[in-house]
Amino acid sequence: MDAPIDAPIDAKIEQTAIGMLQLSGSWTVCQLGSVVRQLDLLFRLPPPRLQLDGKKITKIDSITVWVLQARLKKLQEDGTQINMLDWPPEYQRILASLPPRSQQVVQSPRRAGIVETIGKVSVVAWANNLALLSFIGETAVAFMDVLRHPGHARVRSVLHDLQINGVNALPIVGVTSFLLGIVIAYQGADQLRHYGANIFVVELVGYAMLREFAPLITAIIVAGRSGSAYAAQIGTMLVTEEIDALKTIGIKPIDLLVLPKLIALMVALPLLTLFADLLGVLGGIWMANSRLQVSPHEFIARFGTEIPLKTLLIGLGKSWIFAIVIVLISCYQGFRTKANADSVGQQTTRSVVQSIFIVIVLDAGFSIVFNLLDL
Amino acid sequence: MRSENATTDTINDDYVIQMKHICTRFGDKVVHDSVDLQVRRGDIFAIVGGSGSGKSTLLREMILLHKPDSGSVNILGTELADLDDTQANELRQRCGVMFQKGGLFGTLTVSENIGLPLREHSDLDDATINQIALWKLEQTGLHPESATLYPAELSGGMLKRAAMARALVLDPELLFLDEPTAGLDPTSADGIDALILQLHAVYRPTIVMITHDLDLLWQVTQHVAVLGGGKVIASGSMAELSQLPNPIIREYFDGARGRAAQLQAAHLSHSRTNVAHDTKVDAWKPK
């Protein structure tokens, strides 16, 4: 292999006599910092006459010329006579291309005070809320339109979404809730055994899974799994101008991108929750059999008499609401993406965090309301 | 050392890029079937060819983004095949690349984009770097006000100029331009033509570009290589190429656009091209 034709030689300054500086080596921007600091030290007490010898400079680039020139000019203004000896022709050429005066740095905008910051943040937050509200409104109008004219529904998209966000989520939802059922029964087992109340494991597992855990864990998994995908898809389409293309073709982006997802998840999430209920209770039955000597037969018989149907329905109803929340928030965040790659990532994160947060807040709210209503 | 320039000029084989027997395949598709290419120091060199002729791949092979399946690439006297990381980085600092869509980072402002190579490779302080960025910005014909804008807020022509400023910030010996005028209106494209000539006159880099723009080819380039069928089918100045009988090349020159560009180039050649080409100054060359 050939050696590189011009391995860079370090830039150097030597003081050969008083007021005589010899510059040598490759004066390029990559090595500039240290020699410039050395130069500044030498220039601190400038002699009345200064001779700069550039004979041994092997390479000089424009930034070096620019930096040197600024310093020499300042010296000249302070009354030093400068003599440039034997500088490379590149120096002259670049010098001729320099702007006549060094420009002012654009002032960085002044920092905002605390009141101004609070004000700005509130205005932005208020605008965001209005935008979210208007997005929900638009989606609702589009949804009503589909209800009135079912022929307009994009059945193919809905079925595709059902497959991706419903059927394909079955394994992860199933395993998670099965383990959750086991954990609940296992944790309850010790306490119940103390009082000889083994059979109450049925109520424990039944109420906990059907009312709370199955809807919640399913919603959280789907928010992470599908919500992020919604936001990323819409965000990327915005960046690549596909959303604009849809608008110009005359398709409302909400009709094509939000409604099918909404309809599909409103169907899929309750069904997934039902599946989670089933697997969770199965986990409970298994644990009850092995740790509490409650046979599956006993468990199921008591389950039938003690757990009312409304428990199941409340859970499924909640998950239906969660589905709407997840789709609306994720798609809304997707549509707020700005035209750069970073923004897609940010909005995706935001969609997942916000939908999980709101799902949990809503769940807490439901508990209070149902308690007041004595359900 | 300077006296040696005369000798290198007379030998005239001071090549900064030498590609020999380059073969590239993507799956079953053969893109390059033994391509040979040489670029002389200080030239403005263009690679042309129909879409799918492997121009971009060839460029990517020159800037260490893609390895050819066989053949040797020699850039600035360095063989690319057996290059370690340090050598590759040294080489990269001597090359500037302007990508077709700019390749500016969307989360940084224009001046931060231009200052990025400096922040990475030099130990200058921030204030100096910001001033240098402003100066480079002005040199490429952009307003100082655009320094604080983000790439998404720039027009097509401004984007190319900002990308050019970033590519030039380390004074590269080799400047690669991928479609410098693609997607621009004629006025902006003319502006880019003039900018390339002006920057070449000041910094004397070797410029390698891919382009379809016939005006750019006629008015700016000194040497053009035509890719077709996985090979370099012709290479020479535009005037030389326009005399060749090869059908692929004829198609290029005999279209309505080709003739118009040639005519316009003839008109302009007195006023503009002379400025940069005819003054014989040494190409940028470290000693």
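In what follows, every heavy atom counts, from backbone to side chain, and hydrogens, waters and symmetry copies are set aside. Residue numbers begin at 1 in each chain, while the letters A, B, ... track the order of the sequences.
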Participant: Does CD belonging to A:E241 count more than 12 external heavy atoms closer than 6.0 Å?
Facilitator: no
Participant: Identify which part of B:Q93 has an atom lying under 4.5 Å from any heavy atom of chain A, answering side chain, backbone, both or neither.
Facilitator: side chain
Participant: Are there over 12 heavy-atom neighbours, none belonging to A:Q15, within less than 6.0 Å of that residue's CD?
Facilitator: yes
Participant: Side chain from CB out, backbone as N, CA, C, O: work out which of these in B:L91 comes under 4.5 Å of a heavy atom of chain A, or both, or neither.
Facilitator: neither
Participant: Would you say A:I114 has more than 12 foreign heavy atoms packed within less than 6.0 Å of its CD1?
Facilitator: no
Participant: Taking the side chain from B:D123 and the backbone from A:G33, do they hold a donor-acceptor pair closer than 3.5 Å?
Facilitator: yes
Participant: Salt bridge between A:R37 and B:D125, side-chain N to carboxylate O under 4.0 Å?
Facilitator: no
Participant: Is it true that, when you exclude B:R119 itself, more than 12 heavy atoms of the residues, nucleotides or ligands shown sit nearer than 6.0 Å to its CZ?
Facilitator: yes
Participant: Step by step, work out the side-chain contact (heavy atoms from CB on, under 4.5 Å) result for B:Q139 and A:S62.
Facilitator: CA-CA 12 Å; B:Q139 208 166 35; A:S62 64; 5.8 Å; no
Participant: From B:E173 CD over to A:D61 CG, what is the distance, rounded to the nearest 0.5 angstrom?
Facilitator: 10.5 Å
Participant: Are more than 12 heavy atoms, taken from residues, nucleotides or ligands other than A:D78, located less than 6.0 Å from that residue's CG atom?
Facilitator: yes
Participant: Among A:I63, A:T28, A:V29, find the residue that satisfies the side-chain contact (heavy atoms from CB on, under 4.5 Å) test when tested with B:S122.
Facilitator: A:V29
Participant: Would you compute the distance between atom CZ of B:F105 and atom CG of A:D342 and round it to the nearest 0.5 angstrom?
Facilitator: 11.5 Å
